[in-house]
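See below for the structure under consideration.
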There are 2 protein chains.
Amino acid sequence: MSGRREDVRRALSGCESFRSAQDIYADLRAAGSRIGLTTVYRALQSLSETGEVDVLRTDEGEAIYRACRTDEHHHHLVCRVCGRTVEVEGPAVEKWAAAVGAEHGFRDVTHTVEVFGTCSEH
Amino acid sequence: MSGRREDVRRALSGCESFRSAQDIYADLRAAGSRIGLTTVYRALQSLSETGEVDVLRTDEGEAIYRACRTDEHHHHLVCRVCGRTVEVEGPAVEKWAAAVGAEHGFRDVTHTVEVFGTCSEH
DNA sequence: ATCAATGCAAATGATTTGCATAACC
DNA sequence: GGTTATGCAAATCATTTGCATTGAT
């Protein structure tokens with residue numbers, strides 16, 4: 001019954017796209033696991049705190065998660081049809097965000113950037 | 001009893017920061033209006049569809065709204081303490097997003113960009 | 001035996017919907 | 001009179017919490 005956190009991590013690792021907690025729960029149950037939805041949420045919260053997975057929000061406000069290959073700061077290019085996701089870097093954006101903040105006297109500037117499109121398969 | 005949509009628009013216009021539907025409802029009720037929460041949501045949905053207000057999501061998934069000065073594409077620099085918001089442009093970001101999408105064969109590329117910081121008053 | 005992990009059910013909180021009423025033309 | 005806007009209460013949906021149970025040490 002243990003290792004639920006690992007189950008969740010594995011469910012995410014084997015996947016190219018962002019999934020919601022509900023998706024992951026459904027996947028695991030479909031695969032025969034008796035995991036509870038609560039545990040999925042707790043595992044995801046824990047994994048996101050340690051930085052092992054990235055979290056973002058859909059336009060509908062649902063949280064979606066993905067296992068990331070790198071610990072470094074990066075952004076995502078997501079296919080709006082199939083969810084396929086590419087991790088991208090953006091030095092230009094980092095600089096721009098910092099500059100914009102400084103220009104208006106803001107400190108401790110952070111930013112969120114997500115890019116959506118339709119991938120070549122669709 | 002009519003003109004609710006206008007009440008909501010006005011509540012947003014007189015405000016420098018992003019507000020949630022619940023905030024606006026509270027503001028209007030506090031100001032003596034007998035508007036219903038449902039109507040606030042309906043007005044906000046309508047206003048955002050016509051592009052009169054901008055919508056984004058907090059990290060907690062709550063939708064927040066703001067009346068924007070311009071119809072043109074732009075982004076926001078938001079103070080994480082007081083919510084004060086500055087509309088900013090980012091040609092560099094627009095180009096970067098388009099380039100990143102093209103590089104990976106994505107079509108119809110769009111993007112969301114928000115910048116957060118602590119403003120000079122805090 | 002003890003402490004942490006787990007699951008189920010109930011609670012929360014934002015948002016939406018059903019429906020009857022009131023305002024508008 | 002017929003359509004549209006409004007509000008209240010109930011319904012949804014994702015997510016969280018209370019609590020008793022189970023697993024690991």
Side-chain angles (χ1 to χ4, degrees), chain A residues 1-13 15 17-67 78 80 83 112 114, chain B residues 1-13 15 17-67 78 80 83 112 114:
Chain A
M1 182 185 277
S2 185
R4 282 349 195 161
R5 187 184 148 116
E6 286 312 309
D7 291 348
V8 170
R9 190 215 303 278
R10 215 172 305 119
L12 265 175
S13 299
C15 179
S17 57
F18 277 94
R19 320 297 313 270
S20 70
Q22 310 274 345
D23 288 343
I24 294 163
Y25 172 68
D27 290 352
L28 288 169
R29 296 292 283 205
S33 170
R34 289 187 189 164
I35 197 171
L37 181 56
T38 306
T39 306
V40 172
Y41 275 105
R42 282 195 280 237
L44 286 170
Q45 180 174 352
S46 159
L47 288 167
S48 66
E49 276 168 6
T50 63
E52 289 169 88
V53 305
D54 258 23
V55 194
L56 61 87
R57 297 257 168 198
T58 66
D59 283 345
E60 294 80 43
E62 192 181 31
I64 50 179
Y65 306 83
R66 181 173 189 242
V78 185
R80 65 168 67 84
T112 64
E114 303 300 334
Chain B
M1 183 182 280
S2 184
R4 278 359 190 150
R5 185 183 148 115
E6 285 312 308
D7 292 347
V8 170
R9 189 214 304 278
R10 215 172 305 119
L12 266 175
S13 299
C15 179
S17 57
F18 277 95
R19 319 296 313 268
S20 70
Q22 311 274 346
D23 289 341
I24 294 164
Y25 172 69
D27 290 351
L28 288 169
R29 296 291 284 206
S33 170
R34 289 187 188 162
I35 196 172
L37 182 55
T38 306
T39 306
V40 173
Y41 275 105
R42 281 194 281 238
L44 287 171
Q45 180 174 352
S46 159
L47 288 167
S48 66
E49 277 168 6
T50 63
E52 290 170 89
V53 305
D54 259 23
V55 195
L56 63 87
R57 298 258 168 197
T58 65
D59 283 346
E60 294 79 44
E62 191 181 30
I64 50 179
Y65 306 83
R66 181 172 190 243
V78 185
R80 65 167 67 83
T112 64
E114 303 300 333

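Below, chains carry the letters A, B, ... as their sequence lines are ordered, and counting in each starts from 1. Just so it is clear, the model here is predicted, and its values are computed rather than measured.
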Test side chain to side chain contact (heavy atoms under 4.5 Å, CB included) applied to Ala21(B) - qualifying residues, sequence neighbours left out: Val40(B), Tyr41(B), Leu44(B), Tyr65(B)
Closest contact, heavy atoms only, Arg66(A) versus Leu12(A): CA-CD2, 3.9 Å
Gap between atoms CG and C1', on Leu44(B) and dT6(D) respectively (whole Å): 15 Å
Test salt bridge (Lys or Arg N to Asp or Glu O under 4.0 Å) applied to Arg10(B) - qualifying residues, sequence neighbours left out: Asp7(B)
5' precedence on DNA chain C between Arg42(A) and Tyr65(B) (nearest-nucleotide basis): Arg42(A)
Side-chain donor-acceptor pairs of residues 25-37 of chain B under 3.5 Å, sequence neighbours excluded:
residue, atom, partner, partner atom, Å
Asp27(B), OD2, Arg19(B), NH1, 2.8
Arg29(B), NH1, Arg34(B), O, 3.4
Arg29(B), NH1, Ile35(B), O, 2.6
Ser33(B), OG, Ile35(B), N, 3.0

Protein-nucleotide distance (Arg4(A), atom CZ; dT22(D), atom P), rounded to Å: 15 Å
Rounded distance (Å) that lies between atom P of dG13(C) and atom OH of Tyr25(B): 16 Å
Within residues 30-41 of chain B: residues closer than 4.0 Å to DNA chain C (heavy atoms): Leu37(B), Thr38(B), Tyr41(B)
Interatomic distance, Glu60(A) CD vs dT16(C) C1' [rounded to whole Å]: 14 Å
Qualifying residues under salt bridge (Lys or Arg N to Asp or Glu O under 4.0 Å), relative to Glu6(A), sequence neighbours excluded: Arg9(A)
Which residues share a salt bridge (Lys or Arg N to Asp or Glu O under 4.0 Å) with Arg42(A), sequence neighbours left out: none
Spacing between Gln45(B) atom CD and dT17(C) atom C1', to the nearest angstrom: 12 Å
Between dT12(D) (C1') and Glu62(A) (CD): distance, integer Å: 13 Å
Rounded distance in Å - CZ (Arg19(B)) to P (dT15(C)): 14 Å
For atom CD of Glu6(A) and atom C1' of dG23(D), their distance in whole Å: 17 Å
